[in-house]
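Only one structure is covered here, and it is reproduced in the block below.
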Amino acid sequence: MHRHGVREHAGVSRRAVTRSAVLAAAALLLPGGPGGIGGTGRAVARERDAAAGITLRLPAPTGPYRTGVTTLYLVDRSRPDPWEPGIPVREVMATVFYPARTVHGFPAARQMSAGAAESFGLYGRRIHPELPEAGADWSATTTHSHTGAPAQASRRRPVLLYSPGGGDPRTMGTTLAGELASHGYVVVTLDHPGDAGEVEFPCTMAGREKVRPTVLRDDPRKHPDLFRAMIDTRIADARFVLDRLADLAAGRNPDAAGRPLPEDLGRALDLRRVGVYGHSAGGTTAAGTMYEDRRVGAAVNLEGYLDRAPEAPGRPGELYPVARHGSDRPLLLLGTDGFPGRKELEPSWRAVLARSAGRAHRRRLDGAAHGVFTDYAALAPQLQAAGLMTAAARASLTGPADPARSVPAVRHHVLSFFARHLPAR
């Protein structure tokens, strides 16, 4: 085993998403159609009353920069929403972490907005059954970034996009995003509404509530049409966000609600140096976005499949173009020894490694499981210590590794990869 508990292993055109296929796939997972989440008022009230509990803490970043944070509400009017027929546009929520000129007088941001935290507390177990039914105050966790702080604009900085796993909110990628920003990157974490765990918007819109839940009720890999639609939609989302960041860098405000931006934020972006990283379905998105978009110079896939979902059990899935043809830019594949799907992952990872002429590399975290790449790596041990999560549930979610080891290991591999290929100099 190498330092940080990591073992090293040897190593198209943009597709249109058809709404009919996506809506049909969503109907497979969401009884009653792809709208909201049901539940009796009595059960909701009981769970809400029990929601107040311990306050969980996120690890502090290690870089030399204090960081600011803001959110962007972005609307793509050229695409309808693929999951909800009542929404005529595609909305994306993003959080931007960045090195700050000063944080004095700017409050530390919460990990989750109030509405998102309430939804997560009520329904998070539908995606991660390991989570407790009650006992944690998800609205109380603060980040180490400061809301609205002015950006440090002495030079433009590389931009990194983060796409979370299917069913997860962008907020569960806060620890790694803050770490990267503290080392000089502008990091933009994305929610993909519809498959994201929950998304709180700054305004209401016909066809949805202010907080929009996920349509997922099952592993999307079991539903080929849904998995295809989810990844195609996510890649389109990422490319759309890059377009809007170009507006921001040019001095325009891309926020669809016209909310004010932190001072000098646009001047901090260097869109000649762009990377994408993602977890699970987000890792598939990261590799696919780099393949389809020349603006992306490097990508990290945190245990995401690089093939489409198989059409039938036991049959191989069709390789995505990045695995079929290889990557011509740097690609890191980072996995764990505890991922139940590692056997199914193997063919597509071997394919991209074999066809990328040394530009793709593979690493593995031992003593870890699929959720170790998210904030759960730090939060699950706290839940276990408080008696709210069993050791078996923690091992299932993140693996048994101590967060004092696993969190630095993930940070080390992602940061060193981007520092090598997109240095924040």
Side-chain angles (χ1 to χ4, degrees), residues 1-11 160-166 168 173 176 180 221 227 231 234-235 238 274-293 296-309 316-374 377 398-399 401 406 409-422:
M1 183 180 296
H2 291 252
R3 191 168 66 92
H4 300 295
V6 178
R7 178 180 296 134
E8 181 176 348
H9 291 248
L160 306 177
L161 269 58
Y162 170 68
S163 178
D168 276 339
L176 184 53
L180 294 167
R221 292 283 294 184
F227 188 80
I231 299 305
R234 283 163 162 260
I235 291 173
V274 173
V276 185
Y277 69 104
H279 172 235
S280 196
T284 312
T285 303
T289 301
M290 182 170 71
Y291 184 86
E292 294 195 15
D293 199 314
V296 179
V300 177
N301 174 358
L302 303 173
E303 213 157 55
Y305 295 95
L306 293 179
D307 60 354
R308 302 185 189 279
E318 178 191 357
L319 294 176
Y320 276 107
V322 67
R324 193 163 63 245
H325 303 297
S327 177
D328 63 356
R329 280 152 285 164
L331 173 64
L332 174 63
L333 308 175
L334 185 57
T336 68
D337 64 338
F339 179 40
R342 60 187 180 277
K343 181 179 178 181
E344 291 74 22
L345 192 77
E346 193 63 25
S348 66
W349 279 29
R350 282 203 310 262
V352 74
L353 288 166
R355 296 162 183 167
S356 297
R359 287 177 287 268
H361 299 274
R362 180 176 188 170
R363 303 289 185 271
R364 189 175 82 182
L365 299 176
D366 289 331
H370 197 51
V372 77
F373 301 111
T374 71
T398 66
S406 64
V410 173
R411 287 173 163 181
H412 165 75
H413 282 282
V414 177
L415 176 60
S416 63
F417 173 83
F418 283 125
R420 186 181 315 119
H421 299 292
L422 298 170

Do the non-hydrogen side-chain atoms of Y320 and V352 ever get within less than 4.5 Å of each other? no
For the residue pair S163 and R234, what are the closest heavy atoms and their distance? OG-NH1, 2.8 Å
Quick one: NE2 on H412 to CG on L415, what's the gap to the nearest 0.5 Å? 9.0 Å
Minimal heavy-atom distance between G399 and A369, with the atoms involved, is N-CB, 3.4 Å
For residues L332 and Y277, determine if any side-chain heavy atom of one lies less than 4.5 Å from a side-chain heavy atom of the other. no
Can you tell me how far NE2 of H279 sits from OG1 of T374, rounded to the nearest 0.5 angstrom? 6.0 Å
Show the nearest heavy-atom pair for residues L319 and A351, with the distance to one decimal. CD1-CB, 3.9 Å
Approximate separation, where rounding is to 0.5 Å, of H370 NE2 and L302 CG: 9.5 Å
By side-chain contact (heavy atoms from CB on, under 4.5 Å) - contacts of R411 (at least two apart): P59, T62, T175, L176, E179, V407
For side-chain contact (heavy atoms from CB on, under 4.5 Å), just list the numbers for L161 and T289, CA-CA rounded to whole Å, side-chain angles, deciding distance to a tenth of an Å, and then say yes or no. CA-CA 10 Å; L161 269 58; T289 301; over 6 Å; no
Exercise: identify the closest heavy-atom pair between H413 and S416: O-OG, 3.3 Å
Kindly say whether R359 contributes a backbone atom to a donor-acceptor pair with the side chain of S356 at under 3.5 angstrom? no
Using a 4.5 Å cut-off on heavy atoms from C-beta on, say whether the side chain of L160 contacts that of V414. no
Return yes if some donor-acceptor pair links the side-chain N/O of R342 with the main-chain N/O of D337 below 3.5 Å, else return no. yes
Minimum heavy-atom distance P330-G297, with the two atoms named: CD-O, 3.3 Å
Once the angle between the rings of H325 and Y291 is folded into 0 to 90°, is it parallel (under 30°), tilted (30 to 60°) or perpendicular (over 60°)? parallel
Check whether any side-chain heavy atom of N301 sits under 4.5 Å from a side-chain heavy atom of W349, and report yes or no. yes
Taking the side chain as everything from C-beta on, heavy atoms only, tell me whether T285 gets closer than 4.5 Å to V276. no
Check this for me: does any side-chain nitrogen of one of E346 and R364 sit under 4.0 Å from a carboxylate oxygen of the other? no
Taking all non-hydrogen atoms of both residues, which atom of S348 and which atom of Y305 are closest, and how far apart? OG-C, 4.2 Å
Any non-hydrogen side-chain atom of T284 less than 4.5 Å from a side-chain atom of R308? no
Qualifying residue for side-chain contact (heavy atoms from CB on, under 4.5 Å) with E303, from V372, L334, L365, L345: L345
